[in-house]
Amino acid sequence: MLRNRPFLHRSTSTEHACLLLHGLGGGVYELQLLGEYLHHRLGLTVQGISYPGHDRPASRMPASTWQQWYAHIVETYQALAQTYQSVSVIGFSTGCPLGLHLAATHPIEKLVLLCPYLAIGRQWYYLLPLEALIFSLGWLIEDVPRLRLPIRDPVMRSLAEEALFYKTFNLSAVRSAIELIEQVKTELPQVHAPTLILQAGHDTLVDPAGAEYIYQHLGSRVKTLQWLWESDHIISLDQERKVVFAQVGKFL
């Protein structure tokens, strides 16, 4: 069963901890199984947090900003850094630009990016990029309905839909995430932590080209981009989740 609640699985070792960062409008359930794998199979301390505006059930997703999300991330990172010799960061979707922003200014042992959100996926029938609509007509609309979760595995999709708090996307929060992304693009050369990027080639939510952009512009000397072809956006819960777990575990 998936639970959309923050978690902290402590190891007896104080050598290494992992901070797990979820996506926009989603929740910590997206990384629950990966966190359990890293703790039980590798003996790592793992902590998954919920950002402000993502931390309690509601009929509609409330407004929040990337600065609020990031403040909670920094607070959690600093608490881990006081106890553990090194801290790695695993980001999913919007958790990736948040993790990159952290890694640009804080010592991160290793960085994992799962289907990083750098741009919304664009279908052939869109007249304009969705970002353009969000910053134009989107000012007149508070939120939009969330469609079916981007998970191909029907069982996992059903479990995730039960755990999910919100059935809408708050457009103010989306605009804030886009503003963060524009800032992070300029910071990529400052990120020097070894980085693993895993990207679904058939991602229906974010533009897969964002993973390649990050890979090309990162300042890291040690970096790997790996493609997955049987999963949709939420690769940590989809058909290739065991591949994701194994690759992240091996990298860490």
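Numbers for residues simply follow the sequence, beginning at 1.
- Residues Val46 and Gly35 approach most closely at CG2-O, 3.4 Å, considering heavy atoms.
- With sequence neighbours excluded, the residues that form a salt bridge (charged side-chain N to carboxylate O under 4.0 Å, His left out) with Glu182 are Lys185.
- Side chains of Val244 and Phe92 form no contact here, defined as non-hydrogen atoms less than 4.5 Å apart.
- Annotation: the span from His54 atom NE2 to Asn170 atom CG amounts to 9.0 Å, rounded to 0.5 Å.
- Residues Gly99 and Val89 share a closest heavy-atom pair of CA-CG1, 4.1 Å.
- Residues Glu36 and His9 meet the side-chain proximity criterion, which asks for heavy atoms closer than 4.5 Å.
- A distance of 14.5 Å separates OH of Tyr37 from OG of Ser236, quoted to the nearest 0.5 Å.
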Could you please spell out the steps behind the side-chain contact (heavy atoms from CB on, under 4.5 Å) verdict for Arg3 and Gln32?
-> CA-CA 8 Å; Arg3 299 180 67 252; Gln32 175 187 330; 4.1 Å; yes
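- Pairs engaging residues 174-222 under the ring-ring contact (aromatic ring centres under 6.0 Å, His included) rule: His202-Trp229, Tyr213-His217 [sequence neighbours left out].
- In this structure, the separation between CD1 on Ile235 and CG on Leu228 is 5.0 Å, given to the nearest 0.5 Å.
- Tyr117 and Leu164 fall into different hydrophobic clusters, defined by Ile, Leu, Val, Met, Phe, Trp and Tyr side-chain heavy atoms under 4.5 Å apart, directly or through other members.
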I would like to know whether Gln47 and Phe7 meet side-chain contact (heavy atoms from CB on, under 4.5 Å); could you show each step before the answer?
-> CA-CA 6 Å; Gln47 184 164 7; Phe7 55 82; 5.9 Å; no
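- Here the straight-line distance linking atom CD1 of Ile141 with atom OG of Ser172 works out to 13.5 Å at 0.5 Å rounding.
- A donor-acceptor contact under 3.5 angstrom links the side chains of Glu240 and Ser231, judged on distance only.
- Closest approach of Asn4 and Gly26 over heavy atoms only: ND2-O, 4.1 Å.
- Listed by chain and residue number, Asp153 satisfy the side-chain hydrogen bond (donor to acceptor under 3.5 Å, both in side chains) test with Arg241 (two or more places apart in sequence, or in another chain).
- For Gln216, the side-chain hydrogen bond (donor to acceptor under 3.5 Å, both in side chains) partners two or more places apart in sequence, or in a different chain, are Glu212.
- The heavy-atom pair separating Leu225 from Ala211 by the smallest distance is CD1-CB, 3.9 Å.
- For His72, the ring-ring contact (aromatic ring centres under 6.0 Å, His included) criterion is met by no residue, not counting sequence neighbours.
- Contact annotation: the side chain of Ser64 never approaches that of Tyr51 to less than 4.5 Å [non-hydrogen atoms, C-beta and beyond].
- Evaluated for a side chain to side chain contact (heavy atoms under 4.5 Å, CB included) with Leu237, the options Leu2, Leu149, Leu31, Val155 yield exactly one hit, Leu2.
- When the side chain to side chain contact (heavy atoms under 4.5 Å, CB included) test is applied to Ala17, the partners found at least two apart in sequence or on another chain are Thr45, Leu80, Tyr84.
- At a threshold of 4.5 Å between side-chain heavy atoms, the hydrophobic network of Ile, Leu, Val, Met, Phe, Trp and Tyr places Tyr77 and Leu180 in one connected group.
- A chain of hydrophobic side-chain contacts below 4.5 Å, direct or via other Ile, Leu, Val, Met, Phe, Trp or Tyr residues, connects Leu159 to Val28.
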Residues Cys18, Glu109; criterion side-chain contact (heavy atoms from CB on, under 4.5 Å); working and verdict | CA-CA 9 Å; Cys18 293; Glu109 180 72 13; over 6 Å; no
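- Remark: Arg148 engages Arg157, Glu161 in a side chain to side chain contact (heavy atoms under 4.5 Å, CB included) (not counting sequence neighbours).
- Legend: residues meeting salt bridge (charged side-chain N to carboxylate O under 4.0 Å, His left out) with Lys167, ordered by chain and number and at least two apart, are absent.
- At least one donor-acceptor pair under 3.5 Å links the side chain of Ser220 to the backbone N or O of Ala193.
- With 3.5 Å as the limit, one finds a donor-acceptor pair spanning the side chains of Gln183 and Glu187.
- Between the side chain of Ser176 and the backbone N or O of Thr65 there is no donor-acceptor pair closer than 3.5 Å.
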Please lay out, stage by stage, how Val206 and Leu118 fare under the test side-chain contact (heavy atoms from CB on, under 4.5 Å).
-> CA-CA 7 Å; Val206 307; Leu118 218 62; over 6 Å; no
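- Taken to the nearest 0.5 Å, the CD atom of Glu75 stands 9.0 Å off from the CD1 atom of Ile49.
- Listed by first and then second residue, the ring-ring contact (aromatic ring centres under 6.0 Å, His included) pairs involving residues 159-186 amount to none (not counting sequence neighbours).
- Put simply, OG on Ser11 and NE2 on His40 are 11.5 Å apart, with the number rounded to the nearest 0.5 Å.
- Under the 3.5 Å distance criterion, the side-chain polar atoms of Lys223 are matched with a main-chain donor or acceptor of Leu218.
- Looking at residues two or more places apart in sequence or on another chain, you find a side-chain hydrogen bond (donor to acceptor under 3.5 Å, both in side chains) between Ser93 and His233.
- Across every non-hydrogen atom of Trp227 and Gly201, the tightest pair is CE3-CA, 3.9 Å.
- A continuous path of Ile, Leu, Val, Met, Phe, Trp and Tyr side chains, each step under 4.5 Å between heavy atoms, connects Val191 with Tyr70, placing both in one hydrophobic cluster.
- You'll find the side chain of Leu114 reaches within 4.5 Å of the side chain of Ile90, heavy atoms only.
- Side-chain contact between Leu113 and Leu100 is present, with heavy atoms from C-beta onward closer than 4.5 Å.
- Of the possible donor and acceptor atoms, one in the side chain of Asp238 sits under 3.5 Å from a partner among the backbone N and O of Asp232.
- For the pair Asp203 and Pro208, the tightest heavy-atom approach, listed with the atom from each and the gap, is CB-CG, 4.0 Å.
- Between Thr76 and Ile73, the closest side-chain pair of non-hydrogen atoms is not below 4.5 Å.
- Using a 4.5 Å heavy-atom threshold, the side chains of Met61 and Leu24 count as touching.
- With sequence neighbours excluded, the residues satisfying side chain to side chain contact (heavy atoms under 4.5 Å, CB included) with Thr224 are Leu196.
- Linking Ile, Leu, Val, Met, Phe, Trp and Tyr residues whenever their side-chain heavy atoms come within less than 4.5 Å leaves Leu42 and Leu19 in two separate clusters.
- Results of the side chain to side chain contact (heavy atoms under 4.5 Å, CB included) test with Leu111 over Leu102, Ile197, Thr195 single out Thr195 as the only residue that passes.
- With sequence neighbours left out, Arg60 forms a side-chain hydrogen bond (donor to acceptor under 3.5 Å, both in side chains) with Glu142, Asp143.
- With a 4.5 Å cut-off on side-chain heavy atoms, His22 and Thr94 do not count as touching.
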